[in-house]
Structures are given as C-alpha cells and as structure tokens.
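Working notes for the structure below.
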Amino acid sequence: LSSIEVDISSIQPGEGITVKWRGKPLFIRRRTPEEIKAAEGVNVAQLRDPQADKDRVQKPEWLVLIGVCTHLGCVPQGEKSSEPRGEYGGYYCPCHGSQYDTSGRIRKGPAPLNLAVPPYSFTSDTTVKVG
Ligand code: FES
C-alpha cells in the first residue's frame, strides 16, 4: 500500500497514535496548546537541523512524522503520553538517548536530523491521507 487514510477523530490532545506506513511506524500526534507554543517558540538558528515548526506541520494541532530515529533507526518513545518524552517534551529514543521536541526536531543526543515528515494531506477534518 503506498498511501493510507487514517481516522484521527478519537485522538485526544496530548496523545498520539502509531500506524504502519510503507513498513515504517508513522506517528500522528495531536498537540496541546502548550506543545504548539513550545514548538513555535524555539530559536530556529540554534537548532542542529534548523527548521521552523510551521514548515513541519500543516495544522498546528497535528504533528505527522515518520517514527524512526535519524541516528540508527530505532523507534522513539513518546507517542503515548505514558511513554518517556525526554527533556523537550517530544520524543525520546531509548537506544542512545536522542531527544526530540514537540515538533519532532532533534535537540539532544547523537541523531543528526529531525524526525522526517512524510507527504500527507487532510482529506477531511478527521482524516489524514499519508503517501
Ligand atoms: Fe536513536 Fe541511536 S537510534 S539515538
């Protein structure tokens, strides 16, 4: 399957789901107002992989990412609020400790790049098409 449609209607603010897309974990997370504010407030020039939050999301509330650490490919934790999210409130990679922020950008640890954003679009208010 090259593209999938995902129903996001039951995802609560602060929570996310993981689905499979092209053999990889895909994260879809509904951000809280605080998480959005944190992501937008970062000084982009200080980032290892400088990218503004607005260039990584289509709607501020929704973060859509490939859940593969850019260091050596482990699956970061943090998609569920019960998992560790690291110092920047986004994702924490248990393999070697990379930490990502609420935009999925690398902030600390060995990973060189931000979590990748796949091609996607909203086909309705409650449906995301990925791929
Ligand atoms: Fe994630 Fe090494 S694979 S920190």
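Only a predicted model underlies this, so the values are computations on that prediction, with no experimental measurement involved. Start at 1 and go down the list; that is how both ligands and their atoms are numbered.
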Next on the checklist: So that I can check it, does any N, O or S atom in Cys93 come closer than 2.8 Å to atom 1 (Fe) of ligand 1?
Outcome noted: yes
Next on the checklist: Quick test of your reading of the model: are Arg30 and Glu61 salt-bridged, counting only N-O distances below 4.0 Å?
Outcome noted: yes
Next on the checklist: Can you see whether Asp7 engages Ser9 through a side-chain donor-acceptor pair at a distance of less than 3.5 angstrom?
Outcome noted: yes
Next on the checklist: If only side-chain N and O atoms count, and only distance matters, is there a donor-acceptor pair under 3.5 Å linking Tyr91 with Gln99?
Outcome noted: no
Checklist outcome for this item: Quick note on ligand 1: atoms under 4.0 Å from a heavy atom of Cys74 include exactly 3 (S)
Item to check | Short N/O/S contact of Cys69 with atom 2 (Fe) of ligand 1 (below 2.8 Å) | outcome: no
Item to check | Heteroatom test (N, O or S) for His96 near atom 2 (Fe) of ligand 1, limit 2.8 Å | outcome: yes
Checklist entry - How close does the nearest protein non-hydrogen atom get to atom 4 (S) of ligand 1, and which residue and atom is it? => result Ser98 OG, 3.3 Å
Checklist entry - Is the closest basic N to carboxylate O distance between Asp49 and Arg107 below 4.0 Å? => result no
Item to check | atom 3 (S) of ligand 1 - nearest protein heavy atom and its distance | outcome: Leu72 N, 3.2 Å
Next on the checklist: Taking the two cysteines Cys74 and Cys95, do their sulfur (SG) atoms come closer than 2.5 angstrom to each other?
Outcome noted: yes
Next on the checklist: Suppose we only allow N, O or S atoms; which atom of His71 ends up nearest to atom 2 (Fe) of ligand 1?
Outcome noted: ND1
Item to check | Salt bridge Glu79-Arg85, side-chain N to carboxylate O under 4.0 Å | outcome: no
